[in-house]
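For reference, the structure is listed below as structure tokens.
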Amino acid sequence: MATTAKTPSVPRPVAPRPSGLRRLSGAGRLVGWLDDRIGFRALAPLVRKKRVPVHRHSIWYYLGGMALFLLVLQICTGVLLLFYYRPSAEGAFESVQFLMAEVKFGWLIRSIHSWGANLMVLTLFVHLFSTLLLKAYRRPRELTWISGVVLFGLALGLGFTGYLLPWNELAFFATRVGTEIPAVFPVVGDFLKETMRGGEDVTGATLTRFYALHISVLPGAAILVVALHVLLVQRHGMSVPPSVKRQETAPRTVPFFPNFLLRDLVGWLLALAILASAAAFFPAHLGEKADPFAPAPSGIKPEWYFMFMFQTLKMLPARIMGLHGELIGVLGFTIAGVVLVLLPFLDRPLSDGRHREVWRYLAIFALIYVVVLTVIGYSVDPTR
Ligand code: HEM
């Protein structure tokens, strides 16, 4: 083996430090190096300028940040689940079973993902109704509102598609019921149903479709729309509700950084603690593997956030004015969705600058409707 002769080490000349220059830590130098190339320090004045109004409704301002935190948590836990999940009718159930029983903390990650989905939808319901009742959708926040409604739809889509992935009995039959609903539309109904299912019935093809939607299309779209939504919030700042604006003195404001963000952080830690406790005390269920040839178990129920629609369709008579009752129900919800999107353009100021009260009453009615129908859905006999 060849040996190399040792060369005496020559001390390298040290560049003289210009006087007055502060000694930078390794991290500081790295940040400086990155900033020279990216220029992110230009954002600092924007962050320093942002202020949040303080008044009796300020508590609702925390919900958007909470939704953002939960979305990030869902993406992180979802990616971890992907390391073990197998998207096929033959392997999905077994892979989730393995994850729950054999993988270290697999049960915890799955349970946090499952509880996190519920908490995120709940947070979005409250965020939607609070911005609705505080009139935050009015000019110039029309696009903030519309992007929010799209995000709400995406979150419901993520919930619906994710529910099927463990391929257990309950999810299988609930998806069969859910994907049957668009079939009530004349002409395009069967096409819609078969497109959702990837065939006549819920099969492995449906699972592949839902998987693609759940792990790439819907989260990808959500990330893009959230970026737009948050950008618009930065552009317009936080709205002050009309009832606060009418007061003689303008509300005081606090800096977003660090005051508001630190309080946001407290909320996020609280949410994490709630999720970890829920996951530890009530881990996510798995139940039996789906058997497409078995009879549907009695009392199939959708996720709680679809319950008000499910219960409405169940309570409608079979025929209304010669039309299929379910069709009337589905059309009703479609129209309600369109009204929700277009609300900023429907609730225009009158010539004297005031607004019609009807939108406030409709919003309160919608809120009561969702709560009451959900409660009825859970209190009726599941075998009926
Ligand atoms: C993943 C979904 C969502 C995320 C991450 C998100 C995030 C945020 C954030 C960070 C804010 C600023 C703080 C706040 O007001 O709470 C905000 C404001 C707002 N959001 Fe959302 N949001 C989401 C969904 C929605 C939905 C479903 C709606 C309603 C349809 C909505 C409507 C609004 C409006 C109108 C504002 C402005 C509030 C104001 O200026 O007072 N957002 N959102």
Side-chain angles (χ1 to χ4, degrees), residues 46-47 50-76 78 116-159 162 214 218-245 251 253-257 259-268 271 305 336-347 359 362-363 366-367 370:
L46 283 182
V47 175
K50 187 174 160 70
R51 297 186 71 87
V52 181
V54 181
H55 48 78
R56 62 179 189 279
H57 300 301
S58 299
I59 183 95
W60 305 111
Y61 291 151
Y62 292 99
L63 290 166
M66 177 69 83
L68 194 57
F69 167 71
L70 291 170
L71 181 70
V72 172
L73 187 69
Q74 286 309 97
I75 293 173
C76 297
N118 285 298
L119 189 58
M120 180 167 137
V121 175
L122 180 66
T123 306
L124 287 182
F125 258 112
V126 185
H127 184 46
L128 186 152
F129 275 107
S130 60
T131 46
L132 176 61
L133 290 168
L134 294 176
K135 319 286 188 311
Y137 56 82
R138 286 183 186 161
R139 200 194 137 136
R141 296 182 179 78
E142 296 92 333
L143 291 180
T144 318
W145 172 260
I146 294 174
S147 57
V149 179
V150 172
L151 282 171
F152 188 63
L154 290 172
L156 294 185
L158 280 164
H214 190 78
L218 297 175
I223 290 169
L224 289 180
V225 184
V226 163
L228 172 70
H229 192 71
V230 173
L231 195 82
L232 290 170
V233 172
Q234 302 317 308
R235 166 98 173 77
H236 297 297
M238 304 307 301
S239 71
V240 176
S243 63
V244 177
K245 262 196 205 144
T253 59
V254 291
F256 173 77
F257 184 84
N259 304 39
F260 191 80
L261 191 63
L262 282 176
R263 289 175 197 186
D264 258 339
L265 208 67
V266 174
W268 300 349
Y305 36 87
V338 174
V339 169
L340 197 68
V341 173
L342 297 180
L343 184 62
F345 307 104
L346 299 171
D347 179 13
W359 298 109
L362 271 179
L367 179 59
V370 170

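All ligand and atom numbering here is 1-based and tracks the order in the structure.
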Subject >> Which of the ligand 1 atoms, numbered from 1, are nearer than 4.0 Å to a heavy atom of W145 >> reply: 29 (C), 30 (C)

Original post:
Are the side chains of L46 and Q234 in touch, meaning some heavy atoms are under 4.5 Å apart?
Top reply: no

**OP:** Check each atom of ligand 1 against the heavy atoms of S239 and keep those under 4.0 Å away; list them by number with element.
**Re:** 39 (C), 40 (O), 41 (O)

Subject >> Contact partition for L68 relative to ligand 1, non-hydrogen atoms under 4.0 Å >> reply: both

Original post:
How far is atom 27 (C) of ligand 1 from its nearest protein heavy atom, and which residue and atom name does that atom have?
Top reply: G148 O, 2.9 Å

Original post:
Identify the closest protein heavy atom to atom 25 (C) of ligand 1: which residue and atom is it, and at what distance?
Top reply: H127 CD2, 3.2 Å

**OP:** Do me a favour and list the nearest non-hydrogen protein atom to atom 15 (O) of ligand 1 with residue, atom name and distance?
**Re:** M238 CE, 3.0 Å

Original post:
NE2 of H127 to OH of Y62: how many Å apart, nearest 0.5 Å?
Top reply: 14.5 Å

**OP:** Find the distance between CG (L367) and CZ (F125) and round it off to the nearest 0.5 Å.
**Re:** 9.5 Å

**OP:** Grab the two heavy atoms, one from P344 and one from Y137, that are nearest each other, plus how far apart they are.
**Re:** CB-O, 3.5 Å

Original post:
R141 side chain to V233 main-chain N or O, any donor-acceptor pair under 3.5 Å?
Top reply: no

Original post:
Where is the tightest heavy-atom contact between A363 and L132, given as atom of each residue plus distance?
Top reply: CB-CD2, 3.6 Å

**OP:** Look at atom 13 (C) of ligand 1 and say which protein heavy atom is nearest, naming residue and atom and giving the distance to 0.1 Å.
**Re:** Y61 O, 3.4 Å

**OP:** Could you list the atoms of ligand 1 found under 4.0 angstrom from a heavy atom of L128?
**Re:** 29 (C), 30 (C)

**OP:** Search all heavy atoms of M120 against all heavy atoms of A155 and return the closest pair with its distance.
**Re:** CE-CB, 4.1 Å

**OP:** State the atoms of ligand 1, each with its element, that fall below the 4.0 Å cut-off from a heavy-atom position in A136.
**Re:** 35 (C), 38 (C), 39 (C), 41 (O)

Original post:
Of all heavy-atom pairs between P53 and T253, which one has the smallest distance, and what is that distance?
Top reply: CA-CG2, 3.9 Å

Subject >> atom 6 (C) of ligand 1 [closest protein heavy-atom partner, distance rounded to 0.1 Å] >> reply: H229 CD2, 3.4 Å

Original post:
Nearest to atom 9 (C) of ligand 1, what protein heavy atom do you find, and at what distance?
Top reply: G64 CA, 3.5 Å

Original post:
For ligand 1, is any non-hydrogen atom under 4.0 Å from V149's backbone (N, CA, C, O), its side chain (CB onward), both, or neither?
Top reply: both

**OP:** Report yes if some heavy atom in the side chain of V149 is under 4.5 Å from a heavy atom in the side chain of L343; otherwise report no.
**Re:** no

**OP:** Starting from atom 2 (C) of ligand 1, locate the nearest protein heavy atom and write down its residue, its atom name and how far away it is, to 0.1 Å.
**Re:** L124 CD2, 3.4 Å

Original post:
For ligand 1, which atoms sit closer than 4.0 Å to a heavy atom of G65?
Top reply: 10 (C)

**OP:** Tell me which part of R141 gets within contact of ligand 1: side chain, backbone, both or neither, using heavy atoms under 4.0 Å.
**Re:** side chain

**OP:** Would you mind reporting whether R56 and S243 have side-chain heavy atoms less than 4.5 Å apart?
**Re:** yes

Subject >> Protein contact of atom 34 (C) of ligand 1 - nearest heavy atom, named by residue and atom, plus distance >> reply: T131 CG2, 3.6 Å

Subject >> For G237, atoms of ligand 1 separated by under 4.0 Å from a heavy atom >> reply: 40 (O)

**OP:** With heavy atoms of T144 as the reference, note each atom of ligand 1 found under 4.0 Å away.
**Re:** 34 (C), 36 (C)

**OP:** Enumerate the atoms of ligand 1 whose separation from the nearest heavy atom of F152 is less than 4.0 angstrom.
**Re:** 27 (C)

